[in-house]
Each structure stands twice: as structure tokens, then as C-alpha cells.
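Along the sequence shown, residues carry numbers from 1. Remember, it's a predicted structure, so these values are computed and weren't measured experimentally. Both backbone and side-chain heavy atoms feed into the values below; hydrogens, waters and symmetry mates do not.
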Amino acid sequence: MNTLQRYMLPIFILLTSVIYIFFIPNDLEALKIFCKLIPMWLILVYAYQQIRLHQSQTLWIIWWGLFFCMLGDGLISRSFILGLLAFLIGHLIYIAGFFRFRRLSSLALMVILPLGVYGVVMGYYVLDAVIGEQTSGLALPVLIYILVILFMCWMAFLTRNVWAILGSILFVISDSFLSWNMFVSHVPHSDIFIMATYYAAQFMIAHSLRFFPKT
């Protein structure tokens with residue numbers, strides 16, 4: 001595979017992400033959802049290429065995490081609960097996949113504290129806003145989601161895979177923008193921040209498959 005072929009798919013992922021974020025109008029809902037999913041479909045193909053190159057069946061677990069997050073992309077604009085559920089399943093699958101490659105380290109132990117502090121602070125403001133807006137029925141699902149995504153992030157640190165770690169951190173950042181903008185207060189240009197960090201997160205998790213040890 002020459003250099004152009006190697007980078008062609010990542011370039012298409014970047015281009016389709018930019019087109020969706022900056023050029024697709026919000027009032028064309030069906031087109032918006034379709035174009036939103038295109039980068040994730042390409043990321044799934046890219047992840048498959050890494051699995052085929054690596055020849056490791058265990059990596060299919062993480063691929064299915066990407067798949068369920070893709071479903072969440074499509075569902076969340078129509079039903080917040082269904083989208084949240086799909087993303088939750090995706091994160092649980094990521095946890096299962098990362099668990100297979102866990103290696104305890106001092107870095108993983110040290111990161112528990114900042115992740116815990118961030119979760120408490122973020123959870124306090126988001127849950128307070130959820131209950132205050134008379135959407136208290138969402139409080140438990142949102143709390144569970146916060147706990148699961150932070151645990152997913154910590155499990156990524158246990159793998160010692162730099163790309164998985166960066167991807168999980170960006171996923172937390174993306175969902176933080178989303179939840180803060182949705183429940184707490186308006187974030188200027190939130191759509192750009194949410195989707196840019198989200199696509200980057202998913203691509204990095206897909207790219208991380210190349211660097212896991214063979215199992």
C-alpha cells in the first residue's frame with residue numbers, strides 16, 4: 001500500500017466531517033442526519049482495516065463499540081433516550097474491549113483522582129440543571145452515563161495505548177460540551193466543538209486498534 005492509499009480514507013473522514021460540521025444546514029433534518037453518519041461509516045471501515053492488518057479477533061469488540069456509537073449518532077436527534085442508550089452500550093463495549101488489554105500502571109492510578117473530581121463537578125452542575133428544568137426523569141440515565149464514560153476513559157488509560165487514551169479523553173470533552181449546552185447554559189459554537197471533538201475521538205479509537213498487542 002503506497003502513501004496515498006494509506007492516507008486516502010483518513011482524508012475522506014476529515015473532509016466529510018468538515019462538510020457536515022460547517023456546510024450542512026440544520027433545517028434539512030434528513031440530510032443532516034445522513035451527512036452526520038457518513039464520517040462514522042468511514043471510521044468503521046477504517047477500524048476494519050486496522051483489525052484486518054492486525055489479525056486480532058479481540059479487536060472486534062472495540063469495533064462494535066464504534067458501531068453502537070454510530071447508532072447513537074443517528075438516534076439522538078430523534079430520541080435523546082434512545083441515542084443515550086446506544087452510546088451507553090457503545091461505552092460498555094469499549095470498556096469490555098479495553099479490559100482485554102489492561103495493564104495496571106502508576107499513570108492509571110494517578111488519573112483516578114482528576115477523573116473523579118471532574119465527574120463530581122460536572123455531575124453536580126448537569127444533574128442540578130436536569131432536575132431544575134423539571135426533567136428529573138433524565139437524572140438517573142444521565143448519572144449512569146457520566147459514570148460509565150468516565151470509567152471507559154480510565155480503562156483506556158489502563159491499556160497504555162496513547163491513541164485510545166486520547167480518543168477517550170476527547171469523547172469525554174465532546175459529551176461535556178453536549179451536556180453543558182443542553183442542560184446548563186448555551187455554549188457558543190457548541191455544534192462545532194461537540195462534533196469536532198467527537199469525530200476526532202472516534203477516529204483515534206479506531207486508529208488505536210493498530211497499536212494493541214496481538215491476542
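If you chain together hydrophobic residues whose side chains sit under 4.5 Å apart, Leu53 and Phe211 never meet in one group.
Here the straight-line distance linking atom OG of Ser179 with atom CG of Leu138 works out to 12.0 Å at 0.5 Å rounding. Atom-to-atom distance recorded for Arg100:CZ and Ile61:CD1 is 4.0 Å, nearest 0.5 angstrom. Interatomic distance, Trp60 CH2 to Ile93 CD1, rounded to the nearest 0.5 Å: 13.0 Å. Phe171 CZ to Asp175 CG: the interatomic distance, rounded to the nearest 0.5 Å, is 5.5 Å. Atom-to-atom distance recorded for His207:NE2 and Asn161:CG is 9.0 Å, nearest 0.5 angstrom. Going from atom OG of Ser208 over to atom CZ of Phe203 covers 10.5 Å, rounded to the nearest 0.5 Å.
In this structure the side chain of Thr159 never reaches within 4.5 angstrom of the side chain of Phe99, judged on heavy atoms. Side-chain atoms of Ser56 and Phe212, non-hydrogen and from C-beta on, never get closer than 4.5 Å to each other. At a threshold of 4.5 Å between non-hydrogen side-chain atoms, the residues Leu59 and Gln50 do not count as touching. In this structure the side chain of Leu66 reaches within 4.5 angstrom of the side chain of Gln202, judged on heavy atoms. Contact annotation: the side chain of Phe151 never approaches that of Leu147 to less than 4.5 Å [non-hydrogen atoms, C-beta and beyond]. Residues Phe101 and Thr58 meet the side-chain proximity criterion, which asks for heavy atoms closer than 4.5 Å.
Residues Pro188 and Phe193 approach most closely at O-CE1, 3.4 Å, considering heavy atoms. Heavy-atom minimum distance, Ile62 versus Gly97: CG1-CA, 3.9 Å. Residues Ala164 and Ala156 approach most closely at O-CB, 3.7 Å, considering heavy atoms.
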What side-chain donor-acceptor pairs closer than 3.5 Å can you find for residues 27-44, not counting sequence neighbours?
| unit_1 | atom_1 | unit_2 | atom_2 | d |
| --- | --- | --- | --- | --- |
| Lys32 | NZ | Ile24 | O | 2.9 |
| Lys32 | NZ | Asn26 | OD1 | 3.1 |
| Lys36 | NZ | Asp73 | O | 3.3 |

Table please: side-chain donor-acceptor pairs of residues 15-23 below 3.5 Å, with sequence neighbours left out.
| unit_1 | atom_1 | unit_2 | atom_2 | d |
| --- | --- | --- | --- | --- |
| Thr16 | OG1 | Phe12 | O | 2.8 |
| Thr16 | OG1 | Ile13 | O | 3.1 |
| Ser17 | OG | Ile13 | O | 2.7 |

Under 3.5 Å, side-chain donor or acceptor atoms of residues 103-132 against the rest of the protein: list the pairs with distances, not counting sequence neighbours.
| unit_1 | atom_1 | unit_2 | atom_2 | d |
| --- | --- | --- | --- | --- |
| Ser105 | OG | Ala108 | N | 3.2 |
| Tyr118 | OH | Ser176 | OG | 2.4 |

Only pairs under 3.5 Å count here: list side-chain donor-acceptor contacts from residues 74-83, not counting sequence neighbours, and write none if there are none.
| unit_1 | atom_1 | unit_2 | atom_2 | d |
| --- | --- | --- | --- | --- |
| Ser79 | OG | Leu82 | N | 3.3 |

Evaluate Val45 against Leu9 for side chain to side chain contact (heavy atoms under 4.5 Å, CB included), listing each step before the verdict. CA-CA 9 Å; Val45 174; Leu9 189 52; 3.9 Å; yes

Where do Tyr198 and Cys69 land on the side chain to side chain contact (heavy atoms under 4.5 Å, CB included) test, with the steps shown first? CA-CA 10 Å; Tyr198 170 72; Cys69 288; 3.9 Å; yes

Is there a side chain to side chain contact (heavy atoms under 4.5 Å, CB included) between Leu84 and Leu88 once you walk through the steps? CA-CA 6 Å; Leu84 189 71; Leu88 182 65; 5.6 Å; no

Take Tyr94 and Val148 through the test side chain to side chain contact (heavy atoms under 4.5 Å, CB included) and record every step on the way to the result. CA-CA 10 Å; Tyr94 283 150; Val148 169; over 6 Å; no

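Partners of Trp163 under the side-chain hydrogen bond (donor to acceptor under 3.5 Å, both in side chains) rule, at least two apart in sequence or in another chain, do not exist in this structure. For Arg102, the side-chain hydrogen bond (donor to acceptor under 3.5 Å, both in side chains) test picks out no residue, with sequence neighbours left out.
The backbone N or O of Ile173 sits nowhere less than 3.5 Å from a side-chain atom of Thr197 that would complete a donor-acceptor pair. Proximity of a side-chain donor or acceptor of Asn181 to a complementary backbone N or O of His186 within less than 3.5 Å is not detected.
Here the two rings, on Phe87 and Phe68, have centers that are 6.0 Å apart or farther. A distance below 6.0 Å separates the ring centres of Phe67 and Trp64. Aromatic ring centres of His91 and Tyr145: separated by under 6.0 Å.
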